[in-house]
Amino acid sequence: MTISIAHLGPPGTYAEQATVFYANWLAQKTGNKAMLCPYSSIAQSLEAVAAGETQLAVVPVENSIEGSVTMTMDTLWRLDSLRIQLALVMPIAHALISSATSLDGIQTVYSHPQALAQCQGWLGQFLPTVQLIPSNSTTVALQGLDQDLTAAAIASSRAAQLYNLPILASNINDYPENCTRFWVVSQSQDEAFDDMASVDASHTSLAFSVPANLPGSLLKPLQVFAQLGINLSRIESRPTKRSLGEYLFFIDLEADVKQAQMQSALAQLSTYTEILKIFGSYHVLPITIEP
């Protein structure tokens, strides 16, 4: 059986690297092969699963330096038919890739906004006058970079090898313990992947909106988890996009949705929320990068 997996492309992105790791893990666990399907945005990767174009998507959700990937959160809220199957945590080491002979000749640096932000201290110190140009992914600008001696891109050393481009500087992210968490997402009605993870999940992700912006409107849902002894590992707010000052709240919990405490929490939570969406329960799998 061949499983199609959407990810942010073109080849060489960190999302593709996480997808390759997951595909290898999947092959060892189930014997199934994977077909990688690059898309030009994170939203398109998730939409491909919702539309049935691919069976899975691997998308970034959170970086240890820059926080949440808002496009993933917004798209997951918008698409009702998706379920998180697994989380992957991958160390991220950025490199400055360019055909220039030295940093002195570089005038522009391209990369995904997350990568640019994760290296802003290094860029301010070593390339303070260059123009920073955001792109859809870390590898878009690598295509044709060998023709422009004044341009550079921030991507992985693996991407430099794929595109046969030289690395001017390695490990340029501002914090050495930089890592990104990815979600493996399927259609919610597709139970074919449920057996690929262990029976008991370690985390559950959900999101909700509240009926009105009143005192205690967020406190009451959070008290439900506190009273039942369920730990929150992440909470984020996003605009509802309906009106200024209205927010959605995204929460990661250290519990399986099948546990009695979680079932009780969800029953109580419906009393205090306007819309409640359960994205799924899953395990967290660390990614090991070969040196």
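Predicted model, so just to flag it, every value in this text is computed and none were measured. Computed over heavy atoms, backbone and side chain alike; hydrogens, waters and symmetry mates excluded.
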Whether over 12 other heavy atoms sit under 6.0 Å from Leu244 CG: no
Any donor and acceptor pair, going by atom type alone, linking the side chain of Tyr39 with main-chain N or O of Leu46 inside 3.5 Å? no
Is there a path of hydrophobic side-chain contacts, each under 4.5 Å between heavy atoms of I, L, V, M, F, W or Y residues, that connects Met73 with Ile235? no
Short side-chain to backbone donor-acceptor contact, Ser135 and Ser137, under 3.5 Å: yes
Ser186 and Gln85: side chain donor to acceptor below 3.5 Å: yes
Is the number of heavy atoms from other residues, nucleotides or ligands within 6.0 Å of NZ (Lys220) greater than 12? no
Taking atom types as modelled and ignoring hydrogens, do the side chains of Gln268 and Ser264 form a donor-acceptor contact shorter than 3.5 angstrom? yes
Any sub-3.5 Å donor-acceptor pair from Thr204's side-chain atoms to Val257's backbone N or O? yes
Ser68-Arg234 side chain donor-acceptor pair, cut-off 3.5 Å: yes
Backbone of Ala151 reached by a side-chain donor or acceptor of Ser98 within 3.5 Å: yes
Are Val284 and Ile251 in one and the same hydrophobic cluster, where Ile, Leu, Val, Met, Phe, Trp and Tyr link if side-chain heavy atoms are under 4.5 Å apart? no
Quick one: are the ring centres of Tyr14 and His94 less than 6.0 Å apart? yes
Sole candidate of Ile106, Asn171, Ile167 that passes side-chain contact (heavy atoms from CB on, under 4.5 Å) when paired with Leu96: Ile106
Nearest-0.5 Å distance that lies between atom CD in Gln17 and atom OG1 in Thr139: 11.5 Å
Of Val61, Ile278, Ile84, the one forming a side-chain contact (heavy atoms from CB on, under 4.5 Å) with Ser205 is Ile84
Test item: Ser4 side-chain N/O and Gln55 main-chain N/O as donor-acceptor pair under 3.5 Å: yes
Would one find more than 12 heavy atoms of other residues, nucleotides or ligands at under 6.0 Å from atom NZ of Lys33? no
Are Met262 and Leu269 joined in one hydrophobic group, where the rule is that I, L, V, M, F, W and Y side chains link up if heavy atoms are under 4.5 Å apart? yes
I'd like to know if the side chain of Thr138 reaches the main chain of His112, judged simply by a donor and an acceptor atom lying under 3.5 Å from each other, with no hydrogens or angles considered. no
Determine whether a donor-acceptor pair (N or O, by modelled atom type, separation under 3.5 Å) exists between the side chain of Thr13 and the backbone of Leu8. yes
Sidechain-backbone polar pair: Gln28 side chain, Trp25 backbone, donor-acceptor under 3.5 Å: no
Look at the rings of Phe279 and Trp183 and say which category their plane angle falls in: under 30° parallel, 30 to 60° tilted, over 60° perpendicular. tilted
